[in-house]
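See below for the structure under consideration.
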Amino acid sequence: MTTASTQKDTRQIMSGRTARVLRRPEVGAAVAALLIFGYFSSTTDAFLTPAGVSTWLYSSSLFGVLAVVGALLMIGGEFDLSVGAMTGTTGLIVGIMTTQFQINIWVSLVLALVFALAIGAGNAYLSMKTGVPSFIVTLASLFILQGANLAITKLLTGTVSIQGMADVPGYDSVKVLFGSTLTIAGMDIKVSIIWWILVTAVASWILLRTHVGNWIFGVGGAFNSARSVGIPVVKVRMGLFMATSAAGWLVGMLQLFGVSTVQATTGLGQEFSYVICAVVGGCLLTGGYGSAIGAAVGALIYGMTLQGIVFAQWDNNWLKLFLGVLLLLAVLVNLYVRRRAGDRS
Amino acid sequence: MTAIIEAQNLGKSYGTVMAISGISAELNGGEVLCILGDNGAGKSTLIKILSGVHQPSEGKLLVFGQEQKFESPRDALDAGIATVYQDLAVVPLMPIWRNFFLGSELKKGRGLFKRLNIKAMREITKHQLAEMGIILRDVEQPIGTLSGGERQAVAIARAVYFGAKAIILDEPTSALGVKQAGVVLKYIAKARDAGLGVIFITHNPNHAWPVGDKFLLLKLGASIGYFKKSELTIERMTKLMAGADDMADLAHELERKN
């Protein structure tokens, strides 16, 4: 071991506990979330009231479920733009099957999930087999789903929204799962917030504590390397696409049973919101790096800003401007982190 | 002592094209076999046969005295032959320990709570790298922060840890500067001292000479010499490789005319 001492790592720039914390992908987002929270809490009266808090938490939770699962897909090196439209599609499937065709509500739920999984698998299959970037493949499925949402809903119901969900047999028992509200410490907590926390916890566990998580990082970080060490790369990505579609289904159900109706335009203009949440939460657009908790914090930022702007009675077009700036900042910070982490290859 | 790998008259043809033919060599534990040759000499074809990617169309491959017909790289790996390719099969942004165990993670617990044994993996990584002479404060840092030579060492240490008896290094020094190449040569010597057989593929005689015990020189798919170190000098090896006449011609051609 005579050569050992000559091989000290002089290259390590940051070390110790602080560095380990700063190196985490979600830190930047957490700081931003605190600033936004502080700002709207001090400038508006409604933001910090129990009703206010439950409003922006609810809003965040719907983005959050998609952002967290979408973050896993992004870490795995792929995109799914169609998942926003999927929330509408699955909601409409359940709505139309139960109100128009009197199909059992539980059966409808399962069929909608199967449909979502099939679309996810289809997205995965097309992009993996043809090598066409998933950005393009899912852009196509986004348009297909959006078009179908409107056209088929109009065709079958004559309107662009589902009415009479509340009268469907079994509605109340499903609502407990997806649309109920708990009162905790004087605050109305929508069940979707519980789902959001649950999904974040499970995703984070998978990502950081299981071999599947290791594989996801590997597949997104260096596809060929991952394949040559024996990781089933196609299965990993297939699983991620299907999980993302399933998350779309979950959010579809949370929306449907939260407000008992669904618009055929649901998800329109939301294609990028979960991508923004994930990137603001520290995910690299190029894959291989990111965090589930970061994406959840990204969604929190989105939800707080969305509702904070309403409470502050600003024109809500400021939201898009603000998000654009935030996205740009996040991408620059992520780029810096990545350089710092020494992605030299 | 039986050789770890013994090649007897190996040949490989793609259709009507003979990529290599009549290659014989043997590799013992604690020995470095250098395979030298210019581009197109057949080095990659030979590696692909040894590592199980391709099957030879003629000749025999013996591993520990037993004839082997590898169907896949997995078979070669199971027989104890690991190949470290130029891209090293590492993921730059992932921590060193996650890279070390990528695809072969250690787990604990059962059922839904089956999880990574992170503590053990960190310690093993640290220990294995220390054996190679790399002392790291933090195996949590992304592997991309290591130098090219150190990354090679991680790839070698990984192959050793997962049971390789022989490792094949495909041009490990070609993309590196002089100093880093020296670092890699040291790791090759370390692996040799640990009793492994090392096949070191390179086109640079200056890299091969200091660590090699045996030298197999390839040209246009055929062996132009198989030497023990005592039978050869670096000057002669360089000449053989370049083709002495070719070099003389070239020197003549490049001479200043005025």
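No more than 12 heavy atoms of other residues, nucleotides or ligands sit less than 6.0 Å from atom NZ of B/Lys165. The local environment of OH in B/Tyr14 is crowded, with over 12 non-hydrogen atoms from other residues, nucleotides or ligands closer than 6.0 Å. Within 6.0 Å of the CZ atom in B/Phe64, the count of heavy atoms belonging to other residues, nucleotides or ligands exceeds 12. When the shell of 6.0 Å around CZ of B/Phe162 is examined, it contains more than 12 heavy atoms from other residues, nucleotides or ligands.
From B/Leu93, atom CG reaches atom CD1 of A/Ile75 across 11.5 Å, with rounding to the nearest 0.5 Å. From B/Arg115, atom CZ reaches atom OG1 of A/Thr210 across 11.5 Å, with rounding to the nearest 0.5 Å.
Under the rule for a side chain to side chain donor-acceptor pair (under 3.5 Å), the partners of A/Arg227 that lie at least two apart in sequence or sit in another chain are A/Asn224. Evaluation of the side chain to side chain donor-acceptor pair (under 3.5 Å) rule for B/Lys69 yields B/Glu67 as partners, not counting sequence neighbours. With sequence neighbours left out, B/His203 forms a side chain to side chain donor-acceptor pair (under 3.5 Å) with B/Glu171.
With a 4.5 Å cut-off on side-chain heavy atoms, A/Val229 and B/Val90 do not count as touching. Contact annotation: the side chain of B/Leu116 never approaches that of A/Arg209 to less than 4.5 Å [non-hydrogen atoms, C-beta and beyond]. The side-chain heavy atoms of B/Phe101 and A/His211, taken from C-beta on, include no pair separated by under 4.5 Å.
Within residues 102-112 of chain B, the residues having any heavy atom under 4.5 Å from a heavy atom of chain A are, by residue number, B/Leu102, B/Gly103, B/Glu105, B/Lys107, B/Leu112.
Contact of A/Leu208 with chain B is made through backbone and side chain together, with heavy-atom distances under 4.5 Å.
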